[in-house]
Engineer: 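Questions regarding the structure given below will be posed in turn.
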Amino acid sequence: MATNKRVHQMTIKQFEAAFPDEDHCRAYLARYRWPNQIYCPRCGSTKVGELTTRAFNWQCYDCAAPTSYRFTVLVGTIFENTNKPLTDWFRVIHTMLTSKKGVSALQIMRVMGFGSYKTAHYMCHRIRAGLANEEFRRLMGVVEVDETYVGGKDHNKHWDKRQGRKGTKGKAAVIGAVERKGNVVARVIDRVDGATIGHFLRETLSAKVSLLASDDASAYHEMDFEVPRGVVNHSAKQYVVGAIHTNTIEGFWSLIKRGIIGNYHKVSKKYLPLYVAEFCFRYNNRENADIF
């Protein structure tokens, strides 16, 4: 019987050997950003020349005459206009990507020795924004879809902050779909109804979906999207019917909620899409030894 081989991602020792200084970080960034040929980020021209006086700086000859345009390897990236060295950025990225349930900005501040929480918070959000831009492929085969709600329970709050809400009132809704043994796609939505779910599935699923597994929520019966679907009735304590279940997507929800409860403690609805993107990126690259 074949067994899944555990994927070992970059260790701290390997990280320190690969990125001992700023030049190694810039060389790595340039190599992955321009794997074939360096081109101008403004006009796309390949007529560029490296400045002899400054490493990892180039001048575009098509832009140079009217504007004297010069650019660095950082232009157009999340590192542009930063006053922190790339070694710090790379360490924060490595810490975030190799922590299964995430790491808080407060912990980043402590470990990195930053002078303020604001700096760590800013860096973490910039990195999450970059993770949200990963290449998207529509899901196929057997796909599970489910929704969850993120937000603290009212009775756990201090008495003067309670709003008297029950159930999902006041919480942020997140919908997700996961391909069995494949990738997950999740988004924060304003409401959970048939129209919203149908729109999400049209953007997420390919024509090669053989089965869509969901629970018995009424919104799935109202969606305007036709696809072979199997249902498990959770209200009747029914969780698995042959190949029909939502255990995979619920496992992903548990990662998000454990991360929020254990590490972040509180996430506002404004920034929730960035946190969801971070967890999606880590999940989709769980078998990628070079996740960094």
Side-chain angles (χ1 to χ4, degrees), residues 132 134 136-155 163-261 267-284 286:
E134 65 171 322
F136 173 72
R137 178 184 67 78
R138 291 176 180 265
L139 307 180
M140 60 182 68
V142 179
V143 177
E144 301 173 22
V145 62
D146 192 27
E147 76 288 336
T148 191
Y149 295 88
V150 178
K153 295 180 180 179
D154 204 48
H155 67 265
Q163 302 174 358
R165 66 190 188 193
K166 295 182 179 180
T168 61
K169 185 178 179 181
K171 296 184 179 182
V174 184
I175 189 170
V178 62
E179 179 182 316
R180 293 269 174 89
K181 297 182 180 180
N183 289 353
V184 66
V185 180
R187 293 176 187 164
V188 179
I189 54 178
D190 292 328
R191 61 182 64 186
V192 180
D193 55 20
T196 304
I197 292 176
H199 179 73
F200 170 75
L201 293 177
R202 275 192 295 273
E203 292 185 342
T204 305
L205 305 185
S206 72
K208 296 181 180 180
V209 171
S210 58
L211 175 67
L212 179 68
S214 71
D215 59 22
D216 58 328
S218 60
Y220 294 105
H221 302 291
E222 301 167 358
M223 65 181 185
D224 55 347
F225 184 76
E226 294 296 330
V227 64
R229 191 164 70 95
V231 178
V232 285
N233 192 346
H234 287 173
S235 58
K237 305 297 183 181
Q238 183 186 67
Y239 299 101
V240 180
V241 181
I244 304 171
H245 61 79
T246 58
N247 295 343
T248 312
I249 187 66
E250 287 171 2
F252 176 70
W253 294 146
S254 71
L255 286 177
I256 290 182
K257 292 189 175 182
R258 289 304 97 192
I260 291 176
I261 294 172
V267 174
S268 67
K269 187 176 181 179
K270 176 182 177 181
Y271 294 115
L272 182 58
L274 294 178
Y275 288 92
V276 171
E278 176 189 354
F279 278 93
C280 284
F281 184 92
R282 267 199 306 266
Y283 184 90
N284 294 341
R286 63 194 182 278

Engineer: Run D190 and T196 through side-chain hydrogen bond (donor to acceptor under 3.5 Å, both in side chains) and show every step you take.
Structural biologist: CA-CA 9 Å; D190 292 328; T196 304; over 6 Å; no
Engineer: So how far is it from S210 OG to R180 CZ, rounded to the nearest 0.5 Å?
Structural biologist: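 Reported value, rounded in 0.5 Å steps: 9.0 Å.
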Engineer: Grab the two heavy atoms, one from V209 and one from L139, that are nearest each other, plus how far apart they are.
Structural biologist: CG2-O, 3.6 Å
Engineer: Applying side chain to side chain contact (heavy atoms under 4.5 Å, CB included) to V192 and I197, what does each step give before you reach the verdict?
Structural biologist: CA-CA 7 Å; V192 180; I197 292 176; 4.2 Å; yes
Engineer: To the nearest 0.5 Å, what is the distance between OG1 (T204) and CE (M140)?
Structural biologist: 13.0 Å
Engineer: Using atom types as modelled and distance alone, determine if a side-chain donor or acceptor of D146 lies under 3.5 Å from a backbone N or O of E250.
Structural biologist: no
Engineer: Could you go step by step and tell me if V143 and L211 meet the side chain to side chain contact (heavy atoms under 4.5 Å, CB included) rule?
Structural biologist: CA-CA 6 Å; V143 177; L211 175 67; over 6 Å; no
Engineer: Considering non-hydrogen atoms only, spot the tightest contact between Y271 and Y275 and give its length.
Structural biologist: O-CD1, 3.1 Å
Engineer: Less than 4.5 Å apart, any side-chain heavy atom of L272 and any of V150?
Structural biologist: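 The answer is yes; the side chains approach within 4.5 Å.
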Engineer: Walk me through it: do N247 and V240 pass the test side chain to side chain contact (heavy atoms under 4.5 Å, CB included)?
Structural biologist: CA-CA 8 Å; N247 295 343; V240 180; 3.7 Å; yes
Engineer: Using the rule given for side-chain hydrogen bond (donor to acceptor under 3.5 Å, both in side chains), can you reason through K257 versus T148, listing the C-alpha separation, both sets of side-chain angles and the distance that settles it, and then say yes or no?
Structural biologist: CA-CA 10 Å; K257 292 189 175 182; T148 191; 2.8 Å; yes
Engineer: How far apart are the C-alpha atoms of F279 and F252, what are their side-chain angles, what is the distance that settles it, and do they pass the ring-ring contact (aromatic ring centres under 6.0 Å, His included) test?
Structural biologist: CA-CA 9 Å; F279 278 93; F252 176 70; 7.1 Å; no
Engineer: Under a 4.0 Å N-O cut-off, is there an ion pair linking E147 with R187?
Structural biologist: no
Engineer: Test side chain to side chain contact (heavy atoms under 4.5 Å, CB included) on V174 and I189; report intermediate values, then the result.
Structural biologist: CA-CA 6 Å; V174 184; I189 54 178; over 6 Å; no
Engineer: Using 0.5 Å steps for rounding, measure from the CZ atom of R286 to the CG atom of L255.
Structural biologist: 10.0 Å
Engineer: Going by heavy atoms in the side chains, are V184 and N284 under 4.5 Å from each other?
Structural biologist: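 The answer is yes; the side chains approach within 4.5 Å.
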Engineer: Which atoms form the tightest heavy-atom contact between G176 and I249, and what is the distance?
Structural biologist: C-CD1, 3.9 Å
Engineer: Looking only at non-hydrogen atoms, find the nearest pair between G182 and Y283 and report the distance.
Structural biologist: O-CE2, 3.6 Å
Engineer: Rounded to the nearest 0.5 Å, what separation is found between the CD1 atom of I256 and the SG atom of C280?
Structural biologist: 6.0 Å
Engineer: Heavy atoms, side chains only, cut-off 4.5 Å: are R229 and M223 in contact?
Structural biologist: yes
Engineer: Is any side-chain heavy atom of V188 closer than 4.5 Å to a side-chain heavy atom of V276?
Structural biologist: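 Counting from C-beta outward, V188 and V276 do come under 4.5 Å.
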Engineer: Could you check, using the six-membered ring where one of them is a Trp, whether Y239 and H245 have ring centers closer than 6.0 angstrom?
Structural biologist: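 Between Y239 and H245, the centre distance exceeds or equals 6.0 Å.
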Engineer: Would R138 and E203 pass as an ion pair if we require N to O under 4.0 Å?
Structural biologist: no
Engineer: Grab the two heavy atoms, one from Y220 and one from S214, that are nearest each other, plus how far apart they are.
Structural biologist: CG-OG, 4.1 Å
Engineer: Measuring from atom CD1 of I244 to atom CG of L212, what distance do you get when rounded to the nearest 0.5 angstrom?
Structural biologist: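 The CD1 atom of I244 sits 10.5 Å away from the CG atom of L212.
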Engineer: For the atom pair CZ (R282) and CD (E278), what is the distance rounded to the nearest 0.5 Å?
Structural biologist: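 One finds 4.0 Å between CZ of R282 and CD of E278.
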Engineer: Can you list the steps and then say if E144 with T246 is a side-chain hydrogen bond (donor to acceptor under 3.5 Å, both in side chains)?
Structural biologist: CA-CA 6 Å; E144 301 173 22; T246 58; 5.3 Å; no
